[in-house]
Amino acid sequence: MNNAMLLEIEDLEVSFDGFKAIDGLNFYVERHELRVVIGPNGAGKTTLLDLICGKTRATGGRITFNNRELTRLAEHRIVQAGVGRKFQTPSVYENLTVYQNLELSSPGARSVLSSLFFRRTPELRSRIDEIARTIYLSDQLTISAGLLSHGQKQWLEIGMLLIQDPQLLMLDEPVAGMSVPEREATAALLNRIRENRAVIVIEHDMDFVKEIGRKVTVLHQGRIIAEGPVEKVAADERVIEVYLGH
Amino acid sequence: MKAMITAFGGRITFIQLAVIAALLMVLLPAITDIYRLNLFGKYLTYAFVAVGLVLCWGHGGILSLGQGIFFGLGGYCMAMFLKLEASTPEATASQTTPGIPDFMDWNRVTELPWFWEPFNSFTLTLMAIVVIPAVFAWLIGYAMFKRRVGGVYFAIITQAIAVIMTILIVGQQGYTGGINGITDLRTLLGWDIRTDSARTILYYACCVALLLCLLASRYLLESRFGRLLIAMRDQEDRVRFSGYDVANMKVFVFVVASVFAAIGGAFFTLQVGFMSPTFIGAVASIEMVVFCAVGGRLSVVGAAVGAFMVSWSKTTLSETFPQLWPVLLGALFIAVVMFFPRGLAGLVSDYAPQALSKWRRQAGRTPPSGDPAAEEPSR
């Protein structure tokens with residue numbers, strides 16, 4: 001076993017009523033790596049993230065994170081092991097303030113009792129302020145998250161994951177529906193985030209991929225058809241045929 | 001003191017609770033006779049259920065159509081104790097088997113069933129009023145929430161359990177008193193609960209217990225747990241994938257709501273003087289949800305007021321128009337859902353601030369500034 005790898009996925013397989021959404025996948029992510037996963041619709045990109053975070057259960061194969069098997073672990077245990085996942089549509093608590101959204105996501109009081117007797121510490125306050133600066137929401141802390149723009153909600157959800165300080169962060173189409181300035185700000189955000197953790201990003205937008213990506217994995221029909229530096233992958237014939245060509 | 005006030009939800013809550021306490025414990029006793037006061041006490045027992053529903057339905061998003069189960073468990077536990085106390089061998093000397101409750105004798109039961117034995121002890125009865133509903137709610141909650149059963153399925157299943165429980169109680173007449181319930185209750189530890197003075201004292205005890213439940217609910221809702229409830233209601237997956245075991249949280253809030261309902265049920269038995277399956281079945285359970293919805297399912301104080309007012313109008317209207325009441329109740333529920341989903345409390349919080357700020361402008365006052373971190377958006 002190669003201990004340098006943070007995430008090792010071997011022979012992963014999942015079938016929905018006989019349809020193999022992921023088919024014998026081998027996928028490795030190093031610590032402090034930013035990996036972009038691309039592929040046409042239905043290639044299995046979101047399913048791959050669902051499998052890693054436990055939302056969908058594998059029908060075969062292994063997912064090892066820090067030498068720990070994830071395939072049988074409950075969802076909240078996977079999070080506690082250090083895996084954070086952002087959903088495709090922004091999932092924030094719209095009836096709570098931005099501050100409360102971040103605070104609820106902070107680790108430390110995750111059982112019934114500890115959440116009943118939870119008290120805010122000065123350290124947590126400054127941590128929330130720090131995260132808020134990172135995600136460009138310092139001025140929005142006291143407003144309810146439902147009032148944020150679409151792009152700000154996406155950032156907030158990223159912030160809610162950052163406060164958990166995960167070793168692996170998975171983002172499903174973080175710039176979908178964003179304006180050009182928001183997209184640039186998000187690229188800068190991702191480049192800062194990746195400094196102390198591994199990040200997996202699913203993305204459709206090839207320009208954005210080129211802006212953030214070094215190593216790219218291309219999925220097609222549940223299998224990897226190409227993997228490597230973004231320029232090399234973009235020039236690959238099969239990739240052009242199934243994905244980039246149209 | 002300031003820290004305590006903040007922990008329990010700020011000045012507004014304290015003012016609300018003080019107003020409620022004054023209304024219930026000073027004004028109402030001053031203006032009504034003992035007959036009415038006893039009726040008010042009965043309405044207040046439904047407020048316990050409504051407050052529990054605010055926690056688990058309004059904030060947690062778990063709609064239980066079976067809170068009558070727990071109201072009934074609490075009420076029956078208390079009734080069993082009182083019935084045993086009323087069934088001394090002397091008082092039941094004319095029975096075939098003296099010393100057992102009269103309905104058992106009528107049904108040719110000759111020995112006290114084993115599950116009645118603990119209710120000879122008042123201490124065990126008090127424990128049973130809390131522990132039995134808590135364990136039962138935990139079992140239901142654990143079985144369903146761990147399997148991710150929720151929403152409308154949970155509502156239907158709890159409703160079905162309420163129906164099953166009524167059928168069971170009615171069917172096992174010899175052990176439960178059947179459709180008539182457990183009647184002819186007289187004394188609590190030798191103290192006659194049917195006298196005017198006893199009824200007054202029980203009314204006050206009921207008020208104090210309700211205020212404690214309101215205070216506990218406020219604490220719960222103002223804690224991190226309270227915000228988690230809202231988060232779970234709105235984005236359950238986000239909470240789960242933030243490292244929380246969502247099922248545990250849901251089980252806990254359901255147990256708390258059920259224990260509140262059981263305490264209400266016990267006070268119901270004490271003040272009304274009997275307990276029967278009609279107070280705990282499907283219709284009663286749905287009425288409890290209407291109480292909560294009319295008062296405002298996001299406000300504990302609102303729900304308590306709603307329970308009180310709707311049960312009051314029920315008594316008044318069903319005396320005058322017995323056939324019309326169910327229709328009116330249904331119409332009220334539809335109106336609440338369609339036109340004011342946050343109930344009476346929602347109407348108050350929509351219109352009261354305008355009135356208040358107008359008053360402040362006239363009086364030349366400035367609104368107090370709050371702690372930004374603790375501030376909550378309007379819900």
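A note on names: the letters A, B, ... follow the listed sequences, proteins ahead of strands, and every chain is numbered from 1.
- Only the backbone of Val92(A) comes within less than 4.5 Å of a heavy atom in chain B; its side chain stays farther off.
- Heavy atoms closer than 4.5 Å to chain A are found in both the backbone and the side chain of Val239(B).
- Of the listed residues Ala145(A), Ser106(A), Pro107(A), Pro166(A), the one with more heavy-atom pairs under 4.5 angstrom with chain B than any other is Ser106(A).
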>> Checking Phe70(B) against Phe254(B) for the ring pair (Phe, Tyr, Trp, His ring centres under 6.0 Å) test, could you report, in this order, the C-alpha distance in whole Å, the side-chain angles of both residues, the deciding distance, and whether it holds?
In response: CA-CA 11 Å; Phe70(B) 308 106; Phe254(B) 185 54; 5.6 Å; yes
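- For a heavy-atom cut-off of 4.5 Å, chain A lies close to no residue in residues 127-143 of chain B.
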Output a table of donor-acceptor pairs, distance under 3.5 Å, between side-chain atoms of residues 158-165 of chain A and any protein atom two or more places apart or on a different chain; print 'none' if there are none.
from      : atom 1 : to        : atom 2 : distance (Å)
Gln164(A) : NE2    : Ser105(A) : O      : 3.4
Gln164(A) : NE2    : Met160(A) : O      : 3.3
Asp165(A) : OD1    : Arg197(A) : NH2    : 2.5

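- By the ring pair (Phe, Tyr, Trp, His ring centres under 6.0 Å) test, Trp57(B) is found to be paired with no residue, residues two or more places apart in sequence or in another chain being considered.
- The side-chain contact (heavy atoms from CB on, under 4.5 Å) test with Met170(A) singles out one residue from Leu48(A), Leu49(A), Val37(A), and that residue is Leu49(A).
- Between Phe154(B) and Phe145(B), the gap from one ring centroid to the other is short of 6.0 Å.
- Contacts classified as salt bridge (Lys or Arg N to Asp or Glu O under 4.0 Å) and involving residues 168-177 of chain A (residues at least two apart or in different chains) are given here: Arg85(A)-Asp172(A).
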> Stepwise, does the salt bridge (charged side-chain N to carboxylate O under 4.0 Å, His left out) test hold for Arg127(A) with Glu123(A)?
Replying inline: CA-CA 6 Å; Arg127(A) 176 102 178 103; Glu123(A) 294 78 48; over 6 Å; no
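- Proximity to chain A involves both the backbone and the side chain of Asp245(B), based on heavy atoms less than 4.5 angstrom apart.
- Only the side chain of Phe252(B) comes within contact range of chain A, with heavy atoms under 4.5 Å apart.
- Counting only distance, with no hydrogens or angles, the side chain of Arg238(B) and the backbone of Glu157(A) share no donor-acceptor pair below 3.5 Å.
- Geometric assessment of Arg227(B) against the ring of Phe118(A) yields a negative cation-pi assignment under the 6.0 Å and 45° thresholds.
- Ranked by heavy-atom pairs under 4.5 Å with chain B, the first of Ala74(A), Gly146(A), Ser91(A) is Ser91(A).
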